[in-house]
> 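Mind looking over this structure? Questions follow.
From a predicted model like this one, the values you see are computed outputs, not experimental measurements.
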Amino acid sequence: NHILDFLPLIDGILTMRNLLFMVFAMSGIAAMAAGQASVFINVDNDKFFYGPPESMTEEGLLKRVDDVLKEGGNSFGDLANLINNAPSGSTITLDRDYVNNDDDSFTGIKITKDITIDGQGHTLDANRSSRMFEVEDGHNVVFGNISFINGDSNGNEEVLHMNNGGAINGKCTAINCYFYYNHAMNNGGAMAYGTAINCTFEDNGAINGAGSATYNVDAKFCTFKGQ
């Protein structure tokens, strides 16, 4: 009803994507007004919503994935360029979903700087072609509010430890993220090394190693399903 009230104020014809955005936005506002989870975590002055938004539930995620696949999404190459061009220490805020349709990366997008990526509930779909991220040691990297799906370390690495982490390999912090159906050839089906706070891990797997969801990860307030 609230959304219908706003429709007369909008010029032109709304695309389905814009309409869905309004639905998500109004749902979030209504939830806060109702006094639902609205606590924030502060990590190095970056704030992340504590408690999964509607779009990061299983039902919401599957709908988002369906929409992304229909649209074609943006490629991991585009996401890599966005990260590579960002200054060290900056925060990247995602405004769309990304799908690996390049089939050219077995290791994932390499991060070699301090950076924070706030997904705002958007989805990264590796399409079973790669993991999402390979984080270089010695950097402060934070991922927040991102759904990681269909990551796969593939087992095409000459160095065994590089086969860890189906979605993320390397020390980092993940906050309020959702990891679904990621697989590692070795250890840590979804995530290897670092810290996970208020994340949900569902149906991930480690094929030949330990930790079907995580490996050497300090998990705080996390939920594990179907591992």
Side-chain angles (χ1 to χ4, degrees), residues 39-50 53 56 73-102 104-127 129-154 156-159 161-179 182 184 187-188 190-199 214-222:
V39 180
F40 289 85
I41 296 177
N42 188 292
V43 177
D44 295 332
N45 297 319
D46 291 299
K47 294 183 177 180
F48 296 98
F49 186 70
Y50 189 82
M56 292 173 67
N74 273 18
S75 73
F76 273 28
D78 294 325
L79 179 57
N81 289 334
L82 183 66
I83 294 171
N84 292 336
N85 292 329
S88 179
S90 62
T91 296
I92 294 174
T93 302
L94 303 185
D95 62 358
R96 67 196 68 187
D97 304 312
Y98 291 88
V99 177
N100 185 356
N101 51 24
D102 298 323
D104 61 358
S105 172
F106 292 112
T107 61
I109 298 170
K110 294 185 182 297
I111 297 182
T112 59
K113 66 182 76 173
D114 293 354
I115 200 162
T116 296
I117 301 176
D118 183 357
Q120 297 195 110
H122 287 290
T123 298
L124 304 183
D125 182 356
N127 203 25
S129 297
S130 72
R131 69 168 61 87
M132 289 73 169
F133 297 108
E134 178 73 31
V135 180
E136 186 178 74
D137 289 343
H139 297 288
N140 183 23
V141 177
V142 179
F143 301 104
N145 308 315
I146 302 174
S147 293
F148 297 85
I149 71 170
N150 294 325
D152 196 328
S153 67
N154 280 291
N156 289 316
E157 302 288 350
E158 294 181 0
V159 182
H161 75 84
M162 294 292 286
N163 288 323
N164 296 336
I168 305 172
N169 186 33
K171 191 174 182 180
C172 63
T173 300
I175 303 174
N176 198 39
C177 292
Y178 183 70
F179 295 85
N182 302 285
N187 301 312
M191 185 176 175
Y193 312 106
T195 301
I197 303 173
N198 196 50
C199 293
T214 63
Y215 177 74
N216 282 352
V217 171
D218 182 13
K220 303 176 180 178
F221 312 111
C222 292

> Just wondering, do Tyr98 and Ile109 contact through their side chains at under 4.5 Å, heavy atoms?
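No, side chains not in contact.
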> Measure the spacing between CG of Asp137 and OG1 of Thr112 and express it to the nearest 0.5 Å.
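That separation rounds to 12.0 Å.
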> Provide the closest heavy-atom pair for Ala184 versus Gly166 in the form atom of the first, atom of the second, distance.
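The answer is CB-N, 3.7 Å.
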> Quick check: do Asp125 and Asp97 have side-chain heavy atoms less than 4.5 Å from each other?
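The answer is no, as the side chains (C-beta and beyond) never meet within the 4.5 Å cut-off.
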> For Lys171, look at atom NZ and say whether over 12 heavy atoms of other residues, nucleotides or ligands are found less than 6.0 Å away.
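No.
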> Excluding sequence neighbours, so at least two apart, what forms side chain to side chain contact (heavy atoms under 4.5 Å, CB included) with Ser90?
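Once residues adjacent in sequence are excluded, the partners of Ser90 under the side chain to side chain contact (heavy atoms under 4.5 Å, CB included) criterion are Ala86, Pro87, Ile115.
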> Which of these, Asp118, Asn198, Ile146, sits in a side-chain contact (heavy atoms from CB on, under 4.5 Å) with Asn176?
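When side-chain contact (heavy atoms from CB on, under 4.5 Å) is applied between Asn176 and each of Asp118, Asn198, Ile146, only Asn198 qualifies.
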> Looking only at non-hydrogen atoms, find the nearest pair between Cys177 and Asn145 and report the distance.
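What the structure gives for the nearest pair is SG-N, 3.8 Å.
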> Side chains of Ile111 and Phe143: closer than 4.5 Å at any heavy-atom pair?
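With C-beta onward as the side chain, the pair touches.
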> Quick check: closest heavy atoms across Ser153 and Arg131, and the distance to 0.1 Å?
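What the structure gives for the nearest pair is CB-NH2, 3.4 Å.
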> Please answer whether the main-chain N or O of Asn169 pairs with a side-chain N or O of Asn164 as donor and acceptor at a distance below 3.5 Å.
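Not a single qualifying donor-acceptor pair exists.
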> If every non-hydrogen atom of Lys113 is compared with every non-hydrogen atom of Asn84, which pair is closest and at what distance?
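Distance-wise, the nearest heavy atoms are NZ-O, 3.0 Å.
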> Can you tell if the side chain of Ile117 reaches within under 4.5 Å of the side chain of Phe133, non-hydrogen atoms only?
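Ile117 reaches Phe133 side chain to side chain.
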> The criterion is side chain to side chain contact (heavy atoms under 4.5 Å, CB included); which residues satisfy it with Asp114, sequence neighbours excluded?
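Only Ser88, His139, Asn140 meet the side chain to side chain contact (heavy atoms under 4.5 Å, CB included) criterion with Asp114.
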> Rounded to the nearest 0.5 Å, how far apart are CG of Asp152 and CG of Asn163?
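That separation rounds to 10.0 Å.
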> With sequence neighbours excluded, tell me which residues meet side chain to side chain contact (heavy atoms under 4.5 Å, CB included) with Asp218.
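Only Thr195, Lys220 meet the side chain to side chain contact (heavy atoms under 4.5 Å, CB included) criterion with Asp218.
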> If I compare all heavy atoms of Ser130 with all of Gly108, which pair ends up nearest, and what's the gap?
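So the minimum-distance heavy-atom pair works out to CB-N, 4.4 Å.
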> CG of Asn100 to CE of Met132: how many Å apart, nearest 0.5 Å?
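One finds 9.0 Å between CG of Asn100 and CE of Met132.
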> Compute the ring centroids of Tyr178 and Phe148, then answer whether they are less than 6.0 Å apart.
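They do not qualify: ring centres at least 6.0 Å apart.
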> For the CZ atom of Phe221 and the SG atom of Cys199, what is their distance to the nearest 0.5 Å?
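So the CZ of Phe221 and the SG of Cys199 are separated by 12.0 Å.
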> Do the side chain of Gln120 and the main chain of Leu94 share a donor and acceptor less than 3.5 angstrom apart?
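Between the backbone of Leu94 and the side chain of Gln120 there is a qualifying donor-acceptor contact (under 3.5 Å).
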> To the nearest 0.5 Å, how far apart are NE2 in His122 and CG in Leu79?
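One gets 12.0 Å once the value is rounded to the nearest 0.5 Å.
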> With a 4.5 Å cut-off on side-chain heavy atoms, are Asn127 and Asn150 touching?
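Not touching, per the 4.5 Å side-chain cut-off.
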> Do Tyr193 and Val135 come close enough that some side-chain heavy atom pair is under 4.5 Å?
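No. Closest side-chain heavy atoms not under 4.5 Å.
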> Looking at every non-hydrogen atom in both residues, tell me the closest pair between Met191 and Ala196 and how far apart they are.
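In this case the closest contact between Met191 and Ala196 is SD-CB, 4.2 Å.
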> Measuring from atom CD of Glu136 to atom SG of Cys172, what distance do you get when rounded to the nearest 0.5 angstrom?
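Reported to 0.5 Å precision, the distance equals 13.5 Å.
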